[in-house]
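Here the structure is laid out as structure tokens; the discussion comes afterwards.
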4 protein chains.
Amino acid sequence: MDKQPKFKRRAEARPDEVLDAALEMFLEKGFAAAKVEDVARRAGVSKGLVYLYFPSKDALLEAIVRRAISPVADSALAQLAVVEGDPRVALRRVIGALMVQLSDPQRMAIPKLILREAWQFPKVAEMYRREVLDRAIPAVTALLQRGMDQGYLRQLDAELTVRSLVGPIAVHLMLAEVFDIAPGDGLALERFMDNHLAILFDGLSAHPMEHGQ
Amino acid sequence: MDKQPKFKRRAEARPDEVLDAALEMFLEKGFAAAKVEDVARRAGVSKGLVYLYFPSKDALLEAIVRRAISPVADSALAQLAVVEGDPRVALRRVIGALMVQLSDPQRMAIPKLILREAWQFPKVAEMYRREVLDRAIPAVTALLQRGMDQGYLRQLDAELTVRSLVGPIAVHLMLAEVFDIAPGDGLALERFMDNHLAILFDGLSAHPMEHGQ
Amino acid sequence: MDKQPKFKRRAEARPDEVLDAALEMFLEKGFAAAKVEDVARRAGVSKGLVYLYFPSKDALLEAIVRRAISPVADSALAQLAVVEGDPRVALRRVIGALMVQLSDPQRMAIPKLILREAWQFPKVAEMYRREVLDRAIPAVTALLQRGMDQGYLRQLDAELTVRSLVGPIAVHLMLAEVFDIAPGDGLALERFMDNHLAILFDGLSAHPMEHGQ
Amino acid sequence: MDKQPKFKRRAEARPDEVLDAALEMFLEKGFAAAKVEDVARRAGVSKGLVYLYFPSKDALLEAIVRRAISPVADSALAQLAVVEGDPRVALRRVIGALMVQLSDPQRMAIPKLILREAWQFPKVAEMYRREVLDRAIPAVTALLQRGMDQGYLRQLDAELTVRSLVGPIAVHLMLAEVFDIAPGDGLALERFMDNHLAILFDGLSAHPMEHGQ
DNA sequence: CATGAATGAGTTTTCATTCAT
DNA sequence: AATGAATGAAAACTCATTCAT
């Protein structure tokens, strides 16, 4: 996008610039349809140079994911472990953070890419699972479990409850992204979060009813 | 799969057999990676025959979706319109049906395919949106809205609430499918549904709390 | 074009109908680009039937030419042999006939086809040469030669003179056909023939000049 | 044909080498029958390289014609405009030049290709017409017209007369080329030209006759 | 380091021809 | 005789990858 400062390349940054370009192209056209030449052109380098840094097209995908994975969770997740008192405050914060992150195209890029392509690349899927999901999900699960144990939350299956927490957000973004289905006013993130949390914490029901199965 | 008896071709069924094979292959390898020859072999026919019925590989994808779309929802959706009384009963039924359907690989196939490939084929995405989502979502929205108007459900944004209804299911299945992340006992659909509905109807909270933002 | 009279096919006419259709298609699209199925459809029969009558696509071309060749020249050419007196009268008649024939699309079809495709099919070229050209050219050559011998025409090379007789017509039609280059008023055959004959018989020169090489 | 010294590729010349090879193959086998791989092999390069320079097989044909067209006629045609005095001298020169050019296989190649294939490719036909015919024909027409106006030539239709000038040459070469019909001694260009000019200037007739019609 | 010309294996697509009915 | 479903060999075109410079 921006032409590099004439000469004197920051040689160190090169591989990263290539990965940036690759990520863009893969999102735009999909991994299979994106050509290595597209990536090179977008990065402002020659096709050959891409192969100087990465041994294959597949390796590009892997590197993209690997690079994105490292810094994950370390910050946010750590906090969850030390939450005291009502976990709903923390949950509200977690969900808010999640939503903001994912509605930022930059941040959304990796999960989107993973979801689209990962199943074709078991190595990548496995990597993402191990590094991201296997850290994030247990952390949230633990937070929920603690809330249940301490009486703040009802006794439910904490592991499954994570789905109720993340699911609506994922679907909200997917509907907008893939099918261009959104409430009248764009993503309406504020409203959506309020609605989501209202249901998540207190349910849909106006009055409790006797549940029979 | 089963070799038909060499001669006596059921010509009528052929296009459908090809589409079945194509669907399988596209799911297995992805649209781009699946070769037309794979599809033909899987269908037990020659490559040429595929092109006798479908003008291009793209057309296969489109035809798969088109075929799957027609019979959608007409049955289930019709019922929603006539629900009287507490909509939670209907919702429980809808969610149950949805979950059963989607956990059936046959049924899950199309949405999975769409989600993976549709964005590359705007025509397909648009078709699916128009025929499926634009019918199903308003139907559920209306059900929820009626429930709110009649005092069974709290006053929330019905349109956004649909996400809370569907989201957890989608994510539950996706985690299992893509990342092989499932509760110890497989999909645990029964348990998952109970958990989901419990939260959806009555929330996570053990005791209501004063919501501040 | 016209649907055959319901049932009771004139089975004898079939091969000819196929050839008609093939000729049309070959002219329209060229031999290589015309599909056998096109021919069949145009003839109103099935692809299989074409192969019942003709062993291959090539054979269609050959048959077209063979069929067209037989009746050629037998009529007109015979007359040339018995011409007495000033051959210019006969020439005028020959050229007129030639021009009328060739300006009739039906009649022009075969030569056009030959010219376009024959060089790819030595057998066809050879057949046409043997049956048509090797008869027509000597006949005209003889006519010219007699005219020269009898003092009606100047002593020139009769064989080469045939080119001067036919060439302008061929080019006139080709320019119109291939490049859409024609005098303002369509083919203007009358005017063209007058012009052609005027030059052919009496030359361009207003006054003879001394030819030096 | 000659293997270039393995390394040291003259990248500049490549597209032209490919076009040369393509021209040869198209003439040899016809556009439809010539395979891109044939062209590549003939040019001593790989199939892929052909597509590196030309987006499609069609584009090869177009490029061949386009390349050949540019330098046309600019030299020879310019001279015609300034002819003074008896135009027959100029005509003799024009016809001679034309004949020499067209009997040179290199030079004949393009018109031959055009005549065989152009009608399938309207773009090509149109290009050739515009760039070559629409320049050459009017130039010769003007020359003839001037000759008529100045009393050197009889008053005839100059536009149609062009056909009488070019036609015999075209047919002479075509007969030889397509049907292998030539006077005993090869093309006999000298003799043919003498014969052609003799008729063209002074006609066939030994003595003028009273034209009727 | 960097380039981009060059390759060739791999894919989609076409279509003459066959053959069971 | 007639059909048209089915085949498969062949051709156009693509693109990841290499390598001489």
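Letters go in sequence order (proteins before strands), and every chain restarts at 1. Worth saying up front: this structure is predicted, and the values here are computed from it rather than measured.
Distance NZ (A:Lys47) to P (F:dA16): 8 Å, rounded to an integer number of Å. Computed from coordinates, the A:Tyr51 OH to E:dA5 P distance equals 17 Å when rounded to whole Å. We find that OH of B:Tyr53 is positioned 10 Å from P of F:dT7, with the value rounded to whole Å. Between D:Arg41 atom CZ and F:dA11 atom P there is a gap of 11 Å when expressed in whole angstrom units. B:Lys57 has its NZ atom 12 Å from the C1' atom of F:dT14, to the nearest Å. We find that CG of B:Leu52 is positioned 18 Å from P of E:dT18, with the value rounded to whole Å. Distance CE (C:Met25) to P (E:dC15): 11 Å, rounded to an integer number of Å. Between the CZ atom of B:Arg14 and the C1' atom of F:dA6 there is a distance of 8 Å, rounded to whole Å.
Using a cutoff of 4.0 Å between basic side-chain nitrogens and carboxylate oxygens, D:Arg41 and D:Asp38 are scored as salt-bridged. For D:Arg129 and D:Glu126, the salt-bridge test passes: some basic side-chain N is under 4.0 Å from an acidic carboxylate O. Salt-bridge check for A:Asp16 with A:Arg67: passed, with a basic side-chain N closer than 4.0 Å to an acidic carboxylate O. Of the charged side-chain nitrogens involved, at least one lies within less than 4.0 Å of a carboxylate oxygen, so that B:Glu17 and B:Arg14 count as a salt-bridged pair.
Map B:Gly48 and B:Phe31 each onto its nearest nucleotide of DNA chain E; the residue landing nearer the 5' end is B:Phe31. Positionally, the nearest nucleotide of DNA chain F for C:Leu49 lies more toward the 5' end than for the other of B:Leu49 and C:Leu49. A residue-by-residue look at D:Val50 and B:Val36 shows that D:Val50 has its nearest nucleotide of DNA chain E further toward the 5' end. Residue order along DNA chain F, read from the 5' end via each residue's closest nucleotide, puts D:Lys35 first among A:Asp58 and D:Lys35.
Within 4.0 Å (heavy atoms only), B:Ala59 reaches no atom of the nucleic acid at all. Residue-level contact check: B:Ala40 touches neither bases nor backbone, having no heavy atom under 4.0 Å from any strand. Counting non-hydrogen atoms under 4.0 angstrom, C:Ala33 reaches nothing in the nucleic acid.
Searching all strands for a Watson-Crick or G-U wobble partner of F:dA20 with both distances below 3.5 Å returns E:dT3. Base pairing analysis places E:dC15 opposite F:dG8; the two distances defining the Watson-Crick or G-U wobble pair are each below 3.5 Å.
Separation of atoms CG (C:Leu27) and CE (C:Met108) is listed at 10.0 Å; rounding is to 0.5 Å.
Side-chain proximity of C:Ser46 to the nucleotides F:dA2, E:dA6, F:dT17 is greatest for F:dA2.
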